> 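Just dropping this structure here.
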Amino acid sequence: MKNKKINKIVKRISNKIRDSKFENSTYLVGGYVRDLLLGKISADLDFVVNLPNGGVELAIFLWKNKLCSKPIIYKSFGTAMVEINKIKIEFVMTRKECYRDKNRNPEVAYGSLIEDAYRRDFTINSIYLNISSNKIQDLTNKGRLDLEKGVIRATSNPSLIFKEDPLRILRGIKFAGRLNFQIEENTYKAMIENVDSLQFIYAERIKEEFLKMLIDEGTCYSLQLCFETSAIKYIFPKLTHLNKDLLNTDKKMESLPGELVSRYVYLFMDYPDLKEVKENLIYLKVHKKQIKEILAIINIIAYIQTEHEKYNEFVYEYQNYLVKAMDICHLLGINISNESKIVETLGLFSNRIYPLNGRKIMEYLDLKEGKLIGEYSKKAMKIWIENPNLGEEELINQLKTFSPAQTDKK
Ligand code: CTP
């Protein structure tokens, strides 16, 4: 379905540019072509136009011809983003390499198609599809062969490729894992030599690449390469024990669904310091709600492996995360002690809502506002958690026998 939608978009653009200056100057490059040659579908539509300011001009041309949304133009990058049928599409002119130091904004200059090919990261990402003629152009002459042989190779001098953008080290690892490719020797050496430049990369960008590694196929291989190259230091800078034995990176990881929470849970569940894990997840800009879920599930998994007398308090606290935690345990083959009791207790709380609140307690017990209400509320909640069948009045009756340290009677 998605495949058809994407192909239709490409067809519409190639029809629209017929007899315009963009005909035979517009190419797809990167993920789309790589995946096409691998027989996969890619939703990544990166167009490159071999004309000065061609990307921005083509986007405006298509917008004026009512083919896409109004372009968002990033002047300093010479790129334009549009949407067609809710699919995001990027247009950029062919560019040549402009070396820059790590603190300056990128300099963008028009270049030939071949210059554009050699400024890209890997040969497999440097294959072009002319959307007018449908012809593939492999300008490094290595892209197609590397795709066939399963090789990740820098397009030109690997050290310069990684100096230009150190994030490419993580991208190379990601592709190696995802496609189960080998990293070519000189490319790999340059990754190791330049790995410390990852310290200059914003956490937001590291997060993006790492997340893809974590949820893609081939996670274990990617993680192994992260350790081998020492890139792991820049992904988990808040972990003081970056020891492979303390992070779960084995094949069991791949038996879990390819989604962030489950994968992070497995990775960190045996790490000795959850505070550090939390700090690192914050550093990697993981969403607050997801961090809470990851930590809750790690706590649950540790707890449910041993037998407990009662589960009420525990189940009440973690009820929103328990089912997922147990699913993860099943997939990982972790034994849950007394699972039936946990499920039974979970059933007790489902569809039941704690019936009291501070105001009701004040009214029933004729109390005035004050610290004591907090104490009564806590007690009432405790009683209810032990017996969630109790209704409002039964709870109040039990509360009447409760005598806190001081009274605030009206
Ligand atoms: N590119 C690059 N260096 C980078 C990022 C991107 O040379 N640091 C080039 C590559 O040619 C890449 C293309 O820009 O293929 C598009 O980049 P992007 O969409 O980020 O990556 P994909 O290769 O499509 O990777 P993914 O499938 O993970 O999205």
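Order of listing sets the numbers, starting from 1, for every ligand and every atom in it. Owing to the predicted nature of the structure, the values given are computational and were not obtained by experimental measurement.
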> Measure up the Tyr128 and Tyr27 rings against each other and bin them: parallel (under 30°), tilted (30 to 60°), perpendicular (over 60°).
perpendicular
> Does the side chain of Asn125 pick up a donor-acceptor pair with the side chain of Arg120 at under 3.5 Å?
no
> Could you tell me, atom by atom, which parts of ligand 1 come under 4.0 Å of a heavy atom of Phe175?
23 (O), 25 (O)
> Should the ring pair Phe122 and Phe162 be called parallel, tilted or perpendicular, given that the plane angle runs from 0 to 90° and is split at 30 and 60?
tilted
> How far is atom 24 (O) of ligand 1 from its nearest protein heavy atom, and which residue and atom is that?
Asp44 OD2, 2.5 Å
> For ligand 1, find out whether one of its N or O atoms is nearer than 3.5 Å to an N or O atom of Ser126.
no
> Would you call the rings of Tyr303 and Phe314 parallel, tilted or perpendicular, where under 30° means parallel and over 60° means perpendicular?
parallel
> What residue and atom, counting heavy atoms only, is the protein's closest point to atom 18 (P) of ligand 1, and at what distance?
Arg171 NH1, 3.9 Å
> Evaluate the side-chain proximity of Val286 to Lys207: yes if any heavy-atom separation is below 4.5 Å, no if none is.
no
> Heavy-atom distances under 4.0 Å are what count here, so tell me which part of Phe162 touches ligand 1: side chain, backbone, both or neither.
neither
> Given Met213, Arg34, Arg120, identify the one with the heavy atom nearest to atom 9 (C) of ligand 1.
Arg120
> Starting from atom 16 (C) of ligand 1, what is the nearest protein heavy atom, named by residue and atom, and what distance separates them?
Asp46 OD2, 3.4 Å
> Okay, side chain of Ser126, backbone of Thr123: is any donor-acceptor separation there less than 3.5 Å?
no
> Identify, for atom 7 (O) of ligand 1, the protein heavy atom at the shortest distance, and state residue, atom and that distance.
Asp121 N, 2.8 Å
> Looking only at protein heavy atoms, which one is nearest to atom 8 (N) of ligand 1, and how far off is it?
Asp165 OD2, 2.8 Å
> Quick one: look up the protein heavy atom nearest atom 3 (N) of ligand 1 and list residue, atom name and how far away it is.
Arg168 NE, 3.0 Å
> Can you list the atoms of ligand 1 that are under 4.0 Å from a heavy atom of Lys212?
26 (P), 28 (O), 29 (O)
> For Tyr316 and Tyr354: C-alpha separation, side-chain torsions, deciding distance, then whether ring-ring contact (aromatic ring centres under 6.0 Å, His included) applies.
CA-CA 11 Å; Tyr316 184 72; Tyr354 171 63; 8.0 Å; no
> Please check if the side chain of Asn50 supplies one atom and the backbone of Ser25 the other of a donor-acceptor pair under 3.5 Å.
no
> Counting each atom of ligand 1 from 1 as listed, which ones have a heavy atom of Gly30 under 4.0 Å away?
15 (O)
> Below 4.0 Å, non-hydrogen atoms only: which portion of Arg178 touches ligand 1? Side chain, backbone, both or neither.
side chain
> Could you tell me how the ring of Phe47 sits relative to the ring of Phe91: parallel (under 30°), tilted (30 to 60°) or perpendicular (over 60°)?
parallel
